[in-house]
Structures are given as structure tokens and as C-alpha cells.
Amino acid sequence: MTPVRPEFAPDPSLSRAEMEELQRDLAAEALFEDDFEFDPASISASAGDSTQTTLGGSAPDESSDGSPGDSGETTAPIVAGVDQAFAADGEKAVSAIVASRGGEVVERVHAVEPTEIPYIPGLLSFREGGAILSAFEELSVEPDLAVVDGSGRIHFRQAGIATHVGVMLDLPAIGVAKNLLCGRPAESLDDYLREGERVPIEADDSVTAPEGTVIGHAYQSRQYDNPQKRHVNPLYVSPGHRVSADTATDLVGRLCAGYKLPEPTRLADQFADEVKAEVGD
DNA sequence: GCGACAG
DNA sequence: ATCTTGTCGC
């Protein structure tokens with residue numbers, strides 16, 4: 001697919017001030033509310049899975065006629081997992097996208113581009129965004145949702161890489177990061193979170209959003225039985241575009257299948273490594 | 001100057 | 001992100 005908002009292209013030759021201005025303008029176009037057609041309940045990590053982690057011990061609700069697999073499997077949404085990798089001492093940026101529907105891979109595409117600028121916290125889009133957009137150009141199917149590695153709204157100017165990609169393509173997007181860029185957890189994350197738990201990440205004075213605005217969540221996608229001895233760090237999920245913070249985390253929860261990272265991300269991770277190996281590690 | 005920082 | 005063997009635990 002091609003960007004519908006090319007004016008926001010992450011040009012790495014811009015000055016730092018221009019990059020930040022572009023991010024503020026782009027964030028103004030981002031929608032941090034649900035605005036998509038598919039039913040969130042039709043999102044699953046694998047075919048025929050009802051393997052949802054504890055969300056509060058809700059009662060089983062089968063609002064269907066009982067016919068096998070009627071939870072919208074005929075038109076299950078296509079989710080695009082996006083991940084980056086670098087090769088040749090960081091000289092080349094590899095972007096890999098794996099599109100899947102109900103856990104079934106339907107297409108894999110990639111792009112390799114020379115690295116223009118170094119990694120700068122807050123300006124990741126200008127280092128990896130170009131390669132991601134190039135990879136999306138190669139994608140023939142129309143994804144319903146993109147799961148991008150990195151932050152979305154959890155960003156100084158609410159314009160993380162997931163937001164950048166989502167707005168440019170006008171595609172619902174979610175950012176999934178392994179580390180927190182900014183913002184303040186509503187409660188200490190030092191206390192072990194149990195699988196399925198989420199803690200709001202609020203805007204502090206480093207974020208261009210009203211103080212206290214929930215810009216994402218720390219989400220415990222996986223946890224060991226005895227956290228006292230061994231524990232897993234949570235994921236940091238945030239809206240990229242056309243998704244609310246709550247729904248973004250709900251969707252990521254539905255896309256996880258026993259591992260810390262959601263399946264779309266794992267698939268893209270794996271593919272990125274394959275491409276990197278072929279290109280020249 | 002101090003602190004803090006996705007991939 | 002990347003460099004890397006063994007190793008602890010379920």
C-alpha cells in the first residue's frame with residue numbers, strides 16, 4: 001500500500017527542529033480513538049483459539065448458534081506485524097512485514113535501505129520509517145491493523161513510529177515496545193504484575209498531552225508462576241492511530257499466544273532475521 | 001548542570 | 001538494534 005499522507009514522509013535529512021515540528025503536525029492528525037470496521041473479538045493469535053488469559057474470570061458467553069467457528073472466521077481481519085533489523089554494522093536497515101489472518105500467514109514482504117541517521121530517542125521514525133514505508137509498498141493485501149515494534153502515543157510529541165506509520169497510511173496501528181520511552185506508570189511497576197494485568201501509562205511534563213492523560217499501558221502478556229524468583233518485564237502498548245489505549249491493549253492481549261510478544265511481532269521478527277541473513281549479516 | 005531516553 | 005555460551009528453570 002501507498003501512503004495517503006506523503007507530506008509526513010520521515011525525511012532523515014531534516015534538521016532536528018524540523019523533525020520535531022513534523023511530529024507535532026503529524027500527531028495533530030492522529031486519532032487515539034477506535035475507528036476501524038472489524039470486530040475486536042474476531043482478532044486471534046491462531047486459528048480456532050479461545051485461549052485468552054485471565055481477564056477477570058468472566059463467564060463463558062457464546063452468543064452464537066453453535067456452528068463451528070462462527071466468530072467471523074470467514075472474514076477474519078488481516079494483521080500486519082512490522083519489525084526492523086540491521087545488517088552490515090548498522091549500514092543497512094531491514095524492514096519486514098508479515099501479514100496474517102487468524103494466525104495464518106497470507107503474505108511476507110520486506111525492504112532493505114541504507115541507514116541514514118543514528119538512533120536518537122524520540123526520532124526513531126526518521127531512522128527506520130523509510131524502510132517500513134518501502135516494505136508496505138510491496139504489500140499487496142490490505143491489512144486491517146498494523147502492530148509495530150516501538151511506541152505509538154507513548155512519545156514526547158505523541159508521534160512514535162507506530163503513529164507515524166499509521167497516520168501516513170491511514171491504517172489502524174498499535175505500538176508495542178519492550179521498554180518505556182516516556183510517561184509515568186499510574187502505579188509502581190516494581191511490584192510484580194500477573195499475566196493479563198495492565199497499568200496505565202500517563203502523560204507527565206515530558207509529553208505534549210494534558211498531564212495525566214492515559215497514553216498507553218504496561219501490559220503483562222506473560223508471567224511465570226513464581227515471580228519472586230523469576231519474572232518477565234511487561235510490554236508497553238500504546239495507540240498508534242485509530243485505536244484507543246484500552247482497545248490497543250485488548251487487541252495485543254488477543255494476539256498473544258503464550259509468549260511475551262504478540263504473534264504478528266514474532267512472525268515479523270523471525271522473517272526479519274531471515275532477510276538479514278540473506279542480505280549479509 | 002542533572003536526569004532520561006522506543007529500536 | 002547488535003555482539004554472544006552457557007545456563008537456570010518450567
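Here is how names work: the chains are called A, B, and so on, in the same order as the sequence lines, proteins then strands, and each is numbered from 1. Computed from a predicted model, the values in this text were never measured in an experiment.
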Summarise protein proximity over nucleotides 4-10 of chain C in one line of letters, 5' to 3': B for base, S for sugar-phosphate only, - for none, counting protein heavy atoms closer than 4.0 Å.
----BS-
When every nucleotide of nucleotides 2-7 of chain B is labelled 5' to 3' by its protein contacts under 4.0 Å (heavy atoms), B for base, S for sugar-phosphate only, - for none, what sequence of letters results?
---BBB
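In DNA chain C, no stem built from three or more successive Watson-Crick or G-U pairs (distances below 3.5 Å) is found. For DNA chain B, there is no stem of at least three Watson-Crick or G-U pairs with distances under 3.5 Å.
A donor-acceptor distance shorter than 3.5 angstrom exists from the side chain of A:Lys260 to the backbone of A:Asn233, with no hydrogens or angles considered. At distances below 3.5 Å, at least one donor-acceptor pair connects side-chain atoms of A:His155 with backbone N or O atoms of A:Gly122. Side-chain atoms of A:Arg254 come within 3.5 Å of backbone N or O of A:Ile43 as a donor-acceptor pair.
For the segment residues 5-20 of chain A, no residue has any heavy atom less than 4.0 angstrom from an atom of DNA chain B.
Once rounded to the nearest 0.5 Å, the distance linking CG of A:Asp149 with CD1 of A:Ile132 reads 6.5 Å. Taken from NZ in A:Lys276 to CZ in A:Phe86, the straight-line distance is 10.0 Å, to the nearest 0.5 Å. Expressed to the nearest 0.5 Å, how far CE of A:Met19 lies from CZ of A:Arg16 amounts to 9.0 Å. Considering CD1 of A:Ile97 and CD of A:Gln84, their distance stands at 8.0 Å, rounded to 0.5 Å.
Side-chain contact, A:Glu33 with A:Ser244: no donor N or O sits under 3.5 Å from an acceptor N or O.
The shortest side-chain heavy-atom distance between A:Phe38 and A:Leu145 falls under the 4.5 Å cut-off. Using a 4.5 Å heavy-atom cutoff, the side chains of A:Met1 and A:Glu142 are in contact. By the 4.5 Å heavy-atom criterion applied to side chains, A:Arg101 and A:Ile78 are counted as neighbours.
A salt bridge is defined here as a Lys NZ or Arg NE, NH1 or NH2 lying under 4.0 Å from an Asp or Glu carboxylate O, and A:Arg198 with A:Asp250 meets this definition.
Screening A:Asp170, A:Thr163, A:Asp35 against A:His241 for a side chain to side chain donor-acceptor pair (under 3.5 Å) leaves a single residue, A:Asp170.
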Between A:Met168 and A:His164, is the side-chain contact (heavy atoms from CB on, under 4.5 Å) condition met? List the steps.
CA-CA 6 Å; A:Met168 284 194 71; A:His164 209 122; 3.7 Å; yes
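Within the 4.0 Å cut-off from OP1 or OP2 of C:dA1, not a single side-chain nitrogen or oxygen of A:Lys276 is found.
Among residues at least two apart or in separate chains, salt bridge (Lys or Arg N to Asp or Glu O under 4.0 Å) pairs with a member in residues 102-131 of chain A are A:Arg108-A:Glu274.
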